[in-house]
Amino acid sequence: FFFKQKTAYEIPKRDWSSDVCSSDLQVNVPVIKFNTFEMLTQQQTDTTYVINFWATWCKPCVAELPSFEKLNSESKNEKIKVILISLDFKRDLETKLKKFVTEKQIQSQVYLLDELNYNSWIDKVDNSWGGSIPATLIINNAKGYRKFYEREFTFDELNAAIKNVQ
């Protein structure tokens, strides 16, 4: 799926209501602007941040989420933090995104990036980003490490990418 385009685009729509349960939706999904995302990426710590851009309507994104969740659960005692940045629409926060996060039992921190003008911020994430998702940014500022991937990951591939930081 591509966001960065010169022409108009249509985002595929999917009704997730049949896929999710109507259980208690007390899941916390903060809505952020790009400047908050930038602050996340500029933290001067020795923690490795694995930041994945995804959306509930993006099939390859949803397919790779278990890999990020596995990395998150297996890295609890390490200085690795998985952050999932949803590019879903803000209007779908309650009806789709929070339900999806609850149904899939996502434990990683999820944020909803509320910036519809994709061309204004995609290049700021990485100059090489063509705008497609899934996309992943791995950062460790203390080690001066920053690597961007515009692709889908398996767990083994993601684990190998993390090992490059250390």
Closest heavy-atom pair and its distance - [X], [Y]:
X    : Y    : answer
V82  : F68  : CG2-O, 3.9 Å
P134 : C61  : N-SG, 3.5 Å
K99  : T95  : CD-O, 3.1 Å
R151 : F153 : NH1-CE2, 3.6 Å
S128 : E150 : O-OE1, 3.7 Å

Hey, is the main chain of [Y] close enough, under 3.5 Å, to the side chain of [X] for a donor-acceptor pair?
X    : Y    : answer
E78  : K76  : no
S86  : L112 : no
D46  : K143 : no
Q107 : S73  : no

Open item on the list: Can you classify the ring geometry of W54 versus F100 as parallel (below 30°), tilted (30 to 60°) or perpendicular (above 60°)?
Closed with: tilted

TODO: Describe, in one word, how the ring planes of F34 and F37 are oriented to each other, choosing from parallel (under 30°), tilted (30 to 60°) and perpendicular (over 60°).
DONE: tilted

Quick one: [atom1] on [X] to [atom2] on [Y], what's the gap to the nearest 0.5 Å?
X    : Y    : atom1 : atom2 : result
Q44  : N140 : CD    : CG    : 9.5 Å
S108 : I51  : OG    : CD1   : 12.0 Å
I85  : E115 : CD1   : CD    : 11.5 Å
K81  : T47  : NZ    : OG1   : 9.0 Å
L84  : Q109 : CG    : CD    : 8.5 Å
T48  : I138 : OG1   : CD1   : 8.5 Å

Open item on the list: Within the structure provided, determine whether I83 and V50 are in side-chain contact (heavy-atom separation under 4.5 Å).
Closed with: no

Task: Flag side-chain contact, heavy atom, 4.5 Å: V31 against K90 - done: yes

Task: R146 NZ/CZ over F148 ring centroid, <6.0 Å and within 45° of normal - done: no

- [ ] Check whether NZ of the Lys or CZ of the Arg K147 lies under 6.0 Å from the centre of the six-membered ring of Y149 and within 45 degrees of that ring's axis.
- [x] yes

TODO: Kindly say whether the aromatic ring centers of Y118 and F53 come within a distance under 6.0 Å.
DONE: no

Open item on the list: Please evaluate residues I133 and W57 with respect to the criterion side-chain contact (heavy atoms from CB on, under 4.5 Å), reporting the C-alpha separation (whole Å), side-chain torsions for both, the decisive distance (0.1 Å), and the verdict.
Closed with: CA-CA 11 Å; I133 56 174; W57 45 260; 3.9 Å; yes

Any side-chain donor near an acceptor of the partner, [X] and [Y], under 3.5 Å:
X    : Y    : answer
N52  : E64  : yes
T154 : D156 : no
Q43  : Y49  : yes

Open item on the list: Between K33 and D114 (salt bridge meaning N to carboxylate O under 4.0 Å), is one present in this structure?
Closed with: yes

- [ ] May I ask you to decide whether K104 forms a salt bridge with E69, counting only side-chain N to carboxylate O separations under 4.0 Å?
- [x] no

- [ ] Apply side-chain contact (heavy atoms from CB on, under 4.5 Å) to N164 and Y145, showing your working.
- [x] CA-CA 9 Å; N164 288 334; Y145 187 89; 3.7 Å; yes

TODO: Could you state whether W121 and L116 fall into the same hydrophobic cluster, counting links through intermediate Ile, Leu, Val, Met, Phe, Trp or Tyr residues with side-chain heavy atoms under 4.5 angstrom apart?
DONE: yes

Open item on the list: For a side-chain contact (heavy atoms from CB on, under 4.5 Å) check, start with the C-alpha distance between V101 and I106, then their side-chain angles and the critical distance, and finish with the verdict.
Closed with: CA-CA 5 Å; V101 169; I106 294 175; 4.0 Å; yes

Open item on the list: Between Y111 and L40, does the side-chain contact (heavy atoms from CB on, under 4.5 Å) criterion hold? Intermediate values first, please.
Closed with: CA-CA 11 Å; Y111 293 97; L40 287 171; 4.0 Å; yes

